[in-house]
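This is a predicted model, so every value here is computed, not measured. The sequence lines fix the lettering, A, B, ..., with proteins before strands; numbering per chain opens at 1.
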2 protein chains.
Amino acid sequence: MDLIFGKDVKLREDRVLKRLEGIVSRDNLFTDAEHLVSYSYDALNRETLPAAVAFPRSALEVSEILQVASEEGFPVIPRGAGSGRAGGSIPVPEGLVLSLERLTTIHNIDGDNLLAETDPGVVTGVLHQRVQAEKLFYPPDPASQSFCTIGGNVSTNAGGLRTVKYGVTRDYILALEAVLPDGRILHAGRKTRKSVVGYDLVRLLVGSEGTLAVVTRITVKLIPLPEGRKTLLAYFPDVSRAGNAVRTVLRKGFLPATMEFLDGGSLRVLRDAGKITLPEKAGALILIEDDGYPEALERAMPRMKEILGEAGAFEVLIAEDQKAADNLWGARRALSPTLAKLYPQRISEDVAVPLDRIADLLRATEEICRGRGVGNANFGHAGDGNIHLNLLFDAQNHQQVESAEAAVGEILRAVVGMGGTISGEHGIGLAKRPYLSLEVLEPALGLMKRIKQAFDPKGILNPGKILP
Amino acid sequence: MDLIFGKDVKLREDRVLKRLEGIVSRDNLFTDAEHLVSYSYDALNRETLPAAVAFPRSALEVSEILQVASEEGFPVIPRGAGSGRAGGSIPVPEGLVLSLERLTTIHNIDGDNLLAETDPGVVTGVLHQRVQAEKLFYPPDPASQSFCTIGGNVSTNAGGLRTVKYGVTRDYILALEAVLPDGRILHAGRKTRKSVVGYDLVRLLVGSEGTLAVVTRITVKLIPLPEGRKTLLAYFPDVSRAGNAVRTVLRKGFLPATMEFLDGGSLRVLRDAGKITLPEKAGALILIEDDGYPEALERAMPRMKEILGEAGAFEVLIAEDQKAADNLWGARRALSPTLAKLYPQRISEDVAVPLDRIADLLRATEEICRGRGVGNANFGHAGDGNIHLNLLFDAQNHQQVESAEAAVGEILRAVVGMGGTISGEHGIGLAKRPYLSLEVLEPALGLMKRIKQAFDPKGILNPGKILP
């Protein structure tokens with residue numbers, strides 16, 4: 001393939017490449033077509049070829065690379081697994097992709113102090129398994145956990161299914177080592193669960209999508225692994241009753257680990273794909289999983305079943321063992337792959353609204369989509385109001401594509417009007433940058449720009465992301 | 001009494017006072033001796049008379065006051081209940097104390113969305129009671145909860161007893177309304193449990209001790225009120241075994257709401273005061289409280305008792321009812337008042353260390369104090385490593401005072417050496433400003449200064465706090 005580069009791309013100069021090679025060695029710096037193409041996109045459907053890709057193997061190498069970038073004035077795009085849905089790691093043409101994939105060491109799992117220290121390139125699911133082997137628990141569980149990295153999770157403040165009970169990535173980061181755009185190494189936070197010593201630089205970096213610093217070491221808080229786990233599934237005739245049921249469970253004093261839901265559109269997609277048998281009259285599905293002392297679960301599950309029944313569920317199943325639980329998770333697990341297969345170009349949003357507006361959100365989405373001739377299938381984390389709206393359309397049909405894109409803007413405006421947020425867990429990246437100002441008004445926006453300026457006065461880190 | 005003011009104090013000019021009176025009215029602006037003295041100190045043993053005290057009754061009034069301050073160039077010291085232990089609300093001589101005591105409305109307790117919206121001047125304990133009446137729970141519980149305010153808690157990222165299970169104030173703040181030093185009103189955060197939309201301005205304000213903005217409205221996250229609660233007390237011969245026992249309980253999979261401890265020095269103070277009967281050979285005391293489903297507690301408590309016994313407790317008592325629980329809490333509750341009465345000028349630190357360094361911390365404290373002829377009595381939150389070290393000395397003895405102050409520096413250095421933090425929950429304020437750079441190094445310190453500059457370019461908000 002032909003690579004097209006701008007004229008003034010520093011990174012195409014031998015002198016600059018030599019400097020970078022001197023840092024990471026020849027084996028870890030690439031400008032060939034295959035690498036540039038492979039690193040030109042992430043999980044958002046867009047692509048831009050970078051000028052080079054580097055794979056540092058230590059914080060020191062990251063520091064030296066950023067020093068060169070700062071001196072020479074080329075942009076650097078930090079990247080984990082490239083699984084981000086908002087395009088946060090899509091390069092710019094004159095930029096260096098800084099892949100953290102080779103920083104994959106878990107340095108320490110410390111059961112005595114309930115923490116772990118890890119490199120950013122460690123896959124989240126690997127961290128899960130490793131701490132679980134020590135009877136410890138790192139709760140944040142983005143759906144992409146089997147391939148996303150913990151560094152990417154920090155960058156996007158990743159959420160997941162267990163937020164209702166356990167919170168998000170932000171709540172589990174004790175300390176960070178990060179490299180500033182000028183190459184200086186920053187240490188923020190402490191290994192203690194409490195510390196009030198100056199401004200919270202840790203939380204400022206969490207969710208900053210690689211625009212302020214490159215995270216090179218992460219100290220996460222762990223908790224004891226809950227002993228038991230139990231799953232329940234409930235079918236409802238419609239989403240409105242399902243939404244009420246979720247709130248009722250919470251109001252009755254239960255705080256399950258996950259409360260997932262699928263709407264009628266999602267169930268239709270699964271039925272049409274013919275993979276899952278679902279009751280004919282099911283218009284919504286709620287999946288509840290809780291963990292804790294087995295005695296507590298033995299008591300809570302039947303009580304929740306009762307509450308869900310009273311709230312309008314026509315069928316409630318409690319899994320008696322892990323195999324049955326896996327079965328109950330079948331529809332939820334099959335949905336994303338099925339959607340991806342049938343609608344590879346679908347637009348997938350990750351808005352969140354207050355719990356009592358979930359039904360309104362789905363109604364508004366349905367209306368907006370119907371008005372524009374676009375389909376929709378929605379699912380998500382009913383316990384925390386974070387709903388994945390999927391706009392379904394024919395990607396070959398130019399008008400449908402335009403309609404879907406227009407629908408997104410309309411939906412995001414409606415979400416903000418409901419007191420919701422335009423991104424619950426994916427971040428702004430490139431995808432939602434045009435919509436940021438729907439939610440972030442002055443003076444907040446000006447402060448964010450000044451913070452970016454304070455960290456990255458030359459603007460070399462992940463340019464064009466988040467801020468307009 | 002005679003009030004002594006500097007020459008160039010803007011706030012003594014009639015013109016400026018008139019402007020402020022025009023905002024808050026005569027009834028809410030004071031320059032008389034009684035008010036100035038009353039607002040010259042907080043819970044740190046220091047005082048400085050301010051030039052005036054204002055009591056705004058709305059965010060708009062706060063905004064107008066800050067606009068005047070910004071235009072005229074006088075410092076503003078935001079203040080909640082003045083219960084801070086680090087001197088974060090001690091005025092400067094030319095400053096206006098901005099007391100938020102009259103902003104005391106809880107605007108909304110929203111069980112459907114598990115949140116509450118409150119003014120900053122609401123007493124934390126009042127918020128606790130009000131949400132509890134709705135079967136909801138706001139977990140952060142600083143020891144001063146019966147008089148401290150939620151606004152002060154936000155400013156200091158207050159901790160408390162329940163951090164081990166529930167986290168700190170930071171983890172419960174969904175959104176903030178705050179007034180910037182130039183009077184502009186900032187809205188940060190959303191009412192949803194997930195939101196990744198730009199930099200985390202909420203967490204930047206939490207713990208910033210009134211140096212970045214004045215918080216005027218707080219949206220807190222609530223959870224369902226746990227149904228049951230149970231208390232257990234264990235006596236150990238020494239702190240080292242007590243510390244190990246705490247870690248063992250956690251390692252065995254239990255995560256109780258609170259794990260408090262008293263060391264031998266504390267037990268001695270209580271014995272000497274003659275108020276509490278304690279076993280002769282007790283050299284440390286651990287108090288565990290957990291909440292949740294009653295069935296879970298019925299099972300967990302005896303199991304923890306067993307573990308504590310195996311770890312060296314010579315007596316473990318489980319409270320069968322609330323009265324018995326109150327009894328078990330007796331020693332813990334009596335300690336602070338007894339210390340305050342016997343040693344009104346004691347120095348009280350709130351360091352935190354990794355859990356496996358608690359015994360080391362106590363050993364180091366004992367050695368440092370003994371070497372300087374100062375006593376110590378220590379207690380705190382063993383489950384999160386946040387220990388209140390109390391240096392006991394004769395306040396009339398100048399040399400003892402000096403020795404104690406020197407001991408503080410030595411202890412804080414040891415704490416940082418252990419990977420700990422110089423303040424777990426009180427903050428830096430005035431008291432620990434000289435020690436900030438023990439823990440916050442460059443480039444973190446420089447970034448904090450630039451953040452302060454971004455929010456408060458004229459430096460009028462709470463000058464002289466946190467940063468050197």
Side-chain angles (χ1 to χ4, degrees), chain A residues 111-114 135 156-157 159 163 168 171 180 184 186 188 190-201 203-204 207-208 223-225 227 247 250-251 253 255 293 295-296 299 352 354-356 384-386 419-425 427-428 439-440 443-444 447-448 450-451 454 466, chain B residues 111-114 135 156-157 159 163 168 171 180 184 186 188 190-201 203-204 207-208 223-224 227 247 250-251 253 255 293 295-296 299-300 352 354-356 384-386 419-425 427-428 439-440 443-444 447-448 450-451 454 466:
Chain A
D112 265 342
N113 294 307
L114 296 171
K135 299 224 179 221
T156 56
N157 186 18
T163 298
V168 292
D171 304 314
L180 294 177
R184 286 181 301 162
L186 169 73
R190 301 299 281 175
K191 286 186 185 175
T192 54
R193 270 148 160 77
K194 286 176 176 165
S195 178
V196 192
V197 179
Y199 305 138
D200 190 346
L201 300 181
R203 249 55 53 180
L204 199 49
S208 66
I223 58 175
L225 185 68
E227 203 178 312
R247 291 205 305 284
L250 293 166
R251 286 304 275 129
L255 188 64
Y293 301 131
E295 289 82 350
R299 184 237 167 163
L355 297 187
D356 64 356
D384 60 42
N386 180 207
T421 183
I422 61 172
S423 175
E425 54 186 11
I428 298 301
E439 184 171 328
V440 180
L447 287 171
M448 289 183 190
R450 269 177 272 168
I451 289 166
I466 304 183
Chain B
D112 265 343
N113 294 308
L114 295 171
K135 297 220 180 224
T156 56
N157 186 16
T163 298
V168 292
D171 303 315
L180 294 176
R184 286 182 302 162
L186 169 74
R190 301 299 281 176
K191 286 187 186 176
T192 54
R193 269 149 161 77
K194 285 175 177 165
S195 178
V196 192
V197 179
Y199 305 138
D200 190 345
L201 299 181
R203 249 57 51 180
L204 200 49
S208 66
I223 59 175
E227 206 179 309
R247 292 205 305 283
L250 294 166
R251 285 306 273 129
L255 189 64
Y293 300 131
E295 289 82 350
R299 183 237 168 162
L355 298 186
D356 64 357
D384 61 41
N386 179 206
T421 184
I422 62 171
S423 175
E425 53 185 13
I428 298 301
E439 184 170 328
V440 180
L447 287 171
M448 289 185 189
R450 269 177 272 167
I451 289 166
I466 304 182

Using heavy-atom distances under 4.5 Å, tell me whether [X] contacts chain A through its side chain, its backbone, both, or neither.
| X | value |
| --- | --- |
| Ile466(B) | side chain |
| Thr156(B) | backbone |
| Leu201(B) | side chain |
| Val168(B) | side chain |
| Ala188(B) | neither |

List the atom of [X], the atom of [Y], and the distance in Å for their closest heavy-atom pair.
| X | Y | answer |
| --- | --- | --- |
| Asn113(B) | Asp356(A) | OD1-N, 2.8 Å |
| Leu255(A) | Pro224(B) | CD1-CD, 3.8 Å |
| Ser195(B) | Glu439(A) | OG-OE2, 3.6 Å |
| Val196(B) | Gly424(A) | CG2-O, 3.5 Å |
| Met448(A) | Gly198(B) | SD-CA, 3.8 Å |

Contact check, side chains of [X] and [Y], non-hydrogen atoms, under 4.5 Å:
| X | Y | answer |
| --- | --- | --- |
| Leu447(B) | Tyr199(A) | no |
| Val197(B) | Ile428(A) | yes |
| Lys194(B) | Thr421(A) | no |
| Asp200(B) | Asp200(A) | no |

Interface residue of largest heavy-atom contact number with chain A, from [options], under 4.5 Å:
| options | answer |
| --- | --- |
| Ala352(B), Ala296(B), Ser423(B) | Ser423(B) |
| Pro443(B), Ala444(B), Pro354(B) | Pro443(B) |
| Gly159(B), Ala300(B), Gly111(B) | Gly111(B) |
| Glu227(B), Arg190(B), Lys191(B) | Arg190(B) |

- Query: Looking only at atom types and distance, does a side-chain atom of Arg450(A) sit under 3.5 Å from a main-chain N or O of Ala454(B), one as donor and one as acceptor?
  - Reply: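 Yes: the side chain of Arg450(A) pairs with the backbone of Ala454(B).
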Among [options], single out the residue with the greatest number of heavy-atom pairs under 4.5 Å to chain B.
| options | result |
| --- | --- |
| Arg193(A), Glu295(A), Lys135(A) | Glu295(A) |
| Thr163(A), Leu204(A), Asn157(A) | Thr163(A) |
| Gly207(A), Gly427(A), Gly385(A) | Gly427(A) |

- Query: Going from CD1 on Ile451(A) to CD1 on Ile451(B), what distance comes out if it is rounded to the nearest 0.5 angstrom?
  - Reply: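 Atom-to-atom, Ile451(A):CD1 and Ile451(B):CD1 are 6.0 Å apart.
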